[in-house]
Amino acid sequence: MNTRVYLLSEARGLSRDLLGGKGYGLAEMAQAGLPVPPALIITTEACRRFLREGAVPGLWEEVQAKLAALEGLTGKRFGHGEGVTPPLLVSVRSGAPVSMPGMMDTILNLGLNLEGVQALARATGNPRFAWDAFRRLLAMYGEVVLGEKAEVFEEKLSALKERRGVVSDAELSPEDLEELSFQYLHHLEARGTPFPMDPWDQLQGAIMAVFRSWQNPRARTYRRIYGIPEDLGTAVVVQAMVFGNLGEDSGTGVGFTRNPATGEKGLYGEYLRNAQGEDVVAGIRTPEPLERLKEYAPELYRELEGVALLLERHFRDMQDFEFTVERGKLYLLQTRAGKRTAQAAVKIAVEMAKEGVITKEEAVARVEANALPGLLRPAVDRDRAPEPILKGLPASPGAAVGHAVFSNEAAERFNAQGLPTILVRPETTPEDITGMYLSRGILTARGGLTSHAAVVARGLGVPAVVGAEALRVYPEEGRAQVGGLEFNEGEVLTIDGSTGEVYLGAVALVESAGEALLQELLAWAEPHRRLGVRANADTPEDAQRARAFGAEGIGLCRTEHMFFHEERIPWVRRLILARTPEEEAEALERLFAFQKTDFKEILKAMDGLPVTVRLLDPPLHEFLPPLPDLEEKARAGDEEAQALLERAKALHEQNPMLGFRGVRLLLLRPAIFRMQLRALLEAAKELKEEGFDPRPEVMVPLVADPKEVERAKALAEELFQEYGPIPFGTMIETPRAALLAAEIAPLVDFFSFGTNDLTQMAFGLSRDDAGKFLPRYVEEGLFPFDPTERLDEKGVGRLLRLAVEEGRRANPRLKLGLCGEHGGEARSVQFVADLLDYTSASPFRVLTARLAAAQAGLKGPKALAR
Ligand code: ADP
Ligand code: MG
Ligand code: MG
């Protein structure tokens, strides 16, 4: 039978996948000589088997044997105090291979019962502490294992405090806590889930509860948001307890080896005197900065600095560690690569490379490319900002403007109407994850820089201000108060996660300055990038911005957006209504002038670089006013509205996505095709005469058959005769086009994969409607991720690969690009990096695409050879 339980000292060389992140970190720290309380680790393999089969034969015997070893190491006995030796108490902690903060529940003080409380009181000479430990165990066990709501225990605690006329827990006497413990015991008994007095039963129940917690909805939501696979399972750590709540020379804290918000080098963190670790993480009390230790515990501070150094050297990355001090003695309880803002990630990677801790290639590989847009988050315009109404801690940088909401439900309601929100809470818990995910910013009244709200916000890349203590939040009443000022749900707030300031109303924002460190990192990255990076841009402004971010051209310029301008749409409508060739010609003449101007501006902004223009894609009825509006005007006698209404009815489609659009429209209304292409060619001609170097390319959308391409090409050739040819291509966005790539390729100069439509059609789903089921699909593990966000390699990727291979074979000079939303998503970019010539991303995602493409290059044969 294989071993599934390891002591820290036995875990050397075992993988993080097997030990979980927490177990792995503890084992590594112990081996590096850091003080870690003895522990045993039950592997993720045991968890997977348990979830699959409902039991793991032999596991329990192994746990018992290793716990006996823990008894040996600590000189204490599990479940029994002896004389002045307290019983061995343990924590039962979950730890997945990937860090999932706050997502799974830890039980502290396990092993206590009525007899044990007496022994603990005797051994510590502190009955208050002993009963406090017991009532905490009862509440945690009651919640995590026995399934009672946490509030039930909190309410009983509050009621007791009220009866005693005290405000804080600390004012309760040992007798009070004893009484509370019995209340908890009786309550659990009465509800049919008695607390097991036998410590071994407690342990068994707790281990199974941790296994099961892998499946709880909070954990699933977290995995969905962060794209963590559903089948990893969690390890369980059973660890000897140490106590941070044994007096003023005890305490608990969280440290970072560098500042997780800015990346600044040096010890950083928070400490709470006379407290248990969960108090810090839960944000129940606001801790003090570690700096403060310099004043009253300088030796401890120096020791922590030493720990920080050693951790960084050992793990070669910024670490986030948890520690507890029991009567002056320091213990490390956890370490992991610290979550950080995009800004900090870049600074830390670049500086560590310069310090020689990691290589430049590692620095490039380490920064999460998808997080880069966060670096470009706007900031509050200091010169135009009014007085803030409130100041809290700057937990996650960047500024955000939105409507105040106090619940998940309100966040959903506002966002459904397209209104951005700021989630305002007393503090956040994993239950708030939906609201946090939907909101532009997060504001809490309590908790420190390592509270749940702060950690999750940084992970999500959302600005956050936490611990704004002057704020009173009343979620049930949908209002909040700051001094004499009150604001309600829906009120617009601006928060600045870089300074901690909060403003009433929408404050002017400025775009963030280009980051020098980021440029340095990208300079290291560039030599490893083979894939070209272009931008999706429809306006000169977007083109300029994209170029500043390093775009090497435009991969998708959508022409329909140019039609929506106020002074243009009437001419589009005339075009739709045209009854005679003359009427059509007049409308087209006007639109030609508009388009030519636009093309000129865009080609000028991208001077010397390719600009791929896509001819009209949407169906014509999209340019008409909404039906109800037309009906009302028509009823009021408006003749044009009447005509439009008739056309609108005639053009109406059950399913516009699959309707009369794209190449279908262009071939059957060739005048539109000619007008657009002529505008592009004319714009380029004029620019050339002005001394510029325009590089236009043209492509047709939505083809499904080579005949369509042939016909479109023939139309284009007419104009090429007159102006000279430009590269002519087609989008590959229907599955049939991908399948017929070999026939289409010889007709064109390039393919551009429109992965939005290709995904919709390959899956048979519409992005506009998928919101109703896709999130649940991912949550239920039916899809590993949302294919509209990240390219589905298996199916859509297969179509793409096939089209690439067969297309290239049929036309060796064929150029290949991608222009869907996926073109700026890091993992999708990495997938196509060796398949295509270029990807095209929205301007703010150009940096992501550049970095991701370089990271793909690093993963290639060159990186392996090192
Ligand atoms: P999470 O996965 O949420 O970080 P942890 O397993 O780290 O949960 O436990 C939560 C808190 O409980 C920690 O911050 C730590 O301070 C405390 N804790 C866990 N195990 C022990 C222990 N053996 N002794 C003292 N405190 C502990
Ligand atoms: Mg922890
Ligand atoms: Mg499309």
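When a ligand or atom number is given, it counts from 1 through the structure's own listing order. When reading the values below, keep in mind they use all heavy atoms of this one structure, side chains included, and skip hydrogens, waters and symmetry mates.
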Are E427 and H452 close enough that a side-chain donor and a side-chain acceptor fall under 3.5 Å? no
Going by the 4.0 angstrom heavy-atom rule, the piece of L108 near ligand 1 is side chain
Per-atom filter on ligand 1: closer than 4.0 angstrom to a heavy atom of A240 are 22 (C), 23 (N)
Under 4.0 Å, heavy-atom basis, I'd like to know which part of K22 is in contact with ligand 1: side chain, backbone, both or neither. side chain
With respect to T324, determine whether any N or O atom, backbone or side chain, lies less than 3.5 Å from an N or O atom of ligand 1. no
Could you grab the distance from atom OG of S91 to atom CD of Q239, nearest 0.5 Å is fine? 5.0 Å
Report yes or no: does Q334 have an N/O/S atom closer than 2.8 Å to the Mg ion (ligand 2)? yes
Taking every heavy atom of P196 against every heavy atom of D201, the minimum-distance pair comes out as CB-CB, 3.7 Å
For S91, counting its heavy atoms only, list the atoms of ligand 1 lying under 4.0 Å from any of them. 19 (C), 20 (N), 21 (C), 22 (C), 23 (N)
Test applied, side chain to side chain donor-acceptor pair (under 3.5 Å); reference residue, D320; option that passes from K339, R258, Q334, R336: R336
Counting only heavy atoms, which portion of Q334 has something under 4.0 Å from ligand 1: side chain, backbone, both, or neither? side chain
Under the 6.0 Å and 45° cation-pi test, does K329 pair with Y331? yes
From E288 CD over to L293 CG, what is the distance, rounded to the nearest 0.5 angstrom? 6.5 Å
Would you kindly say whether T324 and T252 are connected by a side-chain donor-acceptor distance under 3.5 Å? yes
For ligand 1, does T106 get within less than 4.0 Å through its side chain, its backbone, both, or neither, judged by non-hydrogen atoms? side chain
Heavy-atom contacts under 4.0 Å between M241 and ligand 1: side chain, backbone, both, or neither? both
